[in-house]
Amino acid sequence: MKEFDDSAIVRNGNSLIVAYDHGLEHGPTDFEPNPESADPRHVFEVAKHDAVTALAVQKGVAESYIDEYRDQVNLLVKLNGNSNLSSRDDYYSPKQCSVKYAVEELGAEAVGYTMYAGSDYEDQMWKEFREVQEQARKYGVPVVMWAYPRGNGIEGKSEYGGDTDPAVISYAARLGLETGADMVKCKYPGSREGWEQIEDAVGEMKTVMSGGSKRSDKDFLEDVHTTIEVGCNGLAVGRNVFQREDPEELLDKLEAVIFEGKSPENVL
Ligand code: FBP
């Protein structure tokens, strides 16, 4: 495949991915703070912002809207997903779309896959991911792993420090390197040292911070800037963008922090 740095979803080594798969992952409740965000067209319009290097959506949303936005939005098709309605004995995110379909039919520039390392279903997900990664190489598109350590294998252990435990997050990130991801998307572990631990584990592989629930511009930009300072390659963000009534304003600030290396104090 062509070098990841030359791919459409990277600019000057970094990425700002707007994630909009929440209708599947969390349901319409995530659209309540800003009801117009329930309309995918609204988020495609937001993703036209210069700062955004890709929009991550599930295949159905891509099918319905991408033709209209192809020239202005780089498509990242999220290949698997898991609703809040299901009741399983452990975390599993079933695959809904093949790489072939994403690339040939939808024109995806990149693909994404959630890996719940630590789940009892981990083996099944590795098998799916292996197919995804090898097909992605065949088609020359980068693979972003949503690296989410969750499940019975870790959550019951006495040494587990919760979902911001840097030891567990960096292990999950390392699995992305080991299995051939081009980029891992990780939850912020709560500190600069925590993100350094992630960077120490992943070699040259790219990392992006996962946005999380909506917080103030200041708090959000400080976390983003902290990660960028220690080697992170950007952000994959959903709620902090589409739950705002004026997402363009935040995207302007994120552009300055992620691509121009500015500090939050300089942009707020
Ligand atoms: P946010 O920035 O809103 O956290 O979105 C990133 C993301 O990974 C989405 O792609 C996904 O829908 C959601 O978070 C999953 O969050 P969680 O599994 O923590 O509920």
Side-chain angles (χ1 to χ4, degrees), residues 9 15-34 37-38 40 42-43 46-47 49 51-62 75-86 88 90-97 108 110-119 121 125 143-151 154-155 162-165 168-169 172-173 176 181 183-190 207-217 219-221 223-224 227 232 234-244 247 250-251 253-254 257-258:
I9 73 162
S15 297
L16 199 175
I17 299 166
V18 170
Y20 182 62
D21 57 343
H22 303 64
L24 188 148
E25 295 284 338
H26 299 161
T29 184
D30 273 11
F31 308 135
E32 285 167 12
N34 180 25
S37 66
H42 169 74
V43 180
V46 169
H49 191 287
V52 178
T53 61
L55 176 64
V57 291
Q58 289 281 339
K59 85 192 235 192
V61 171
L75 177 66
L76 188 163
V77 174
K78 183 73 197 318
L79 301 174
N80 64 344
N82 171 48
S83 90
N84 258 348
L85 300 173
S86 63
R88 294 193 183 90
D90 208 355
Y91 291 93
Y92 175 56
S93 180
K95 197 171 143 211
Q96 326 288 350
C97 182
V111 292
Y113 185 94
T114 293
M115 173 57 65
Y116 291 127
S119 164
Y121 295 100
M125 299 187 73
V143 189
V144 181
M145 178 188 281
W146 273 229
Y148 285 4
R150 285 178 187 171
I154 49 178
E155 288 173 7
D163 65 355
T164 57
D165 182 342
V168 177
I169 299 175
M183 170 179 270
V184 283
K185 168 179 181 298
C186 301
K187 198 177 172 79
Y188 183 57
T207 58
V208 285
M209 186 186 103
S210 190
S213 53
K214 188 178 158 212
R215 46 205 191 277
S216 73
D217 283 15
D219 289 351
F220 188 54
L221 290 167
D223 290 350
V224 174
T227 63
C232 179
L235 181 67
V237 55
R239 288 163 286 180
N240 272 284
V241 164
F242 68 70
Q243 289 183 349
R244 278 177 161 75
L250 179 68
L251 287 170
K253 295 172 184 163
L254 287 170
V257 171
I258 294 171

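Since we're looking at a predicted model, the values are computed, not measured. Every number for a ligand or one of its atoms is a count from 1 in the order of the listing.
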Q: For the residue pair Tyr20 and Phe242, categorise the inter-ring angle as parallel (less than 30°), tilted (30 to 60°) or perpendicular (more than 60°).
A: perpendicular
**Q.** Side-chain (Gln96) to main-chain (Lys59) donor-acceptor, under 3.5 angstrom
**A.** no
Q) Under the side-chain contact (heavy atoms from CB on, under 4.5 Å) test, which residues partner Ser213, sequence neighbours left out? A) Arg239
Q.
Side chains of Met115 and Val184, heavy atoms from C-beta outward: is any pair under 4.5 Å?
A. no
List of N/O pairs, ligand 1 versus protein, all under 3.5 Å?
unit_1	atom_1	unit_2	atom_2	d
ligand 1	2 (O)	Gly212	N	3.3
ligand 1	2 (O)	Gly238	N	2.8
ligand 1	3 (O)	His22	NE2	2.7
ligand 1	3 (O)	Arg239	N	2.8
ligand 1	3 (O)	Arg239	NE	2.7
ligand 1	4 (O)	Gly212	N	2.8
ligand 1	4 (O)	Arg239	NH2	2.7
ligand 1	5 (O)	His22	NE2	3.0
ligand 1	8 (O)	Trp146	NE1	3.2
ligand 1	8 (O)	Tyr148	OH	2.5
ligand 1	8 (O)	Lys185	NZ	2.4
ligand 1	10 (O)	Asp21	OD1	2.7
ligand 1	10 (O)	Asp21	OD2	3.2
ligand 1	10 (O)	Trp146	NE1	3.0
ligand 1	12 (O)	Asp21	OD1	2.7
ligand 1	16 (O)	His26	NE2	3.4
ligand 1	18 (O)	Arg150	NH1	2.9
ligand 1	18 (O)	Arg150	NH2	3.3
ligand 1	19 (O)	Arg150	NH2	2.9
ligand 1	20 (O)	His26	NE2	2.5

(Q) Closer than 3.5 angstrom, by distance alone: can the side chain of Asn240 be matched with the main-chain N or O of Arg215 as a donor-acceptor pair? (A) yes
Q) Any side-chain heavy atom of Glu155 within less than 4.5 Å of one from Tyr91? A) yes
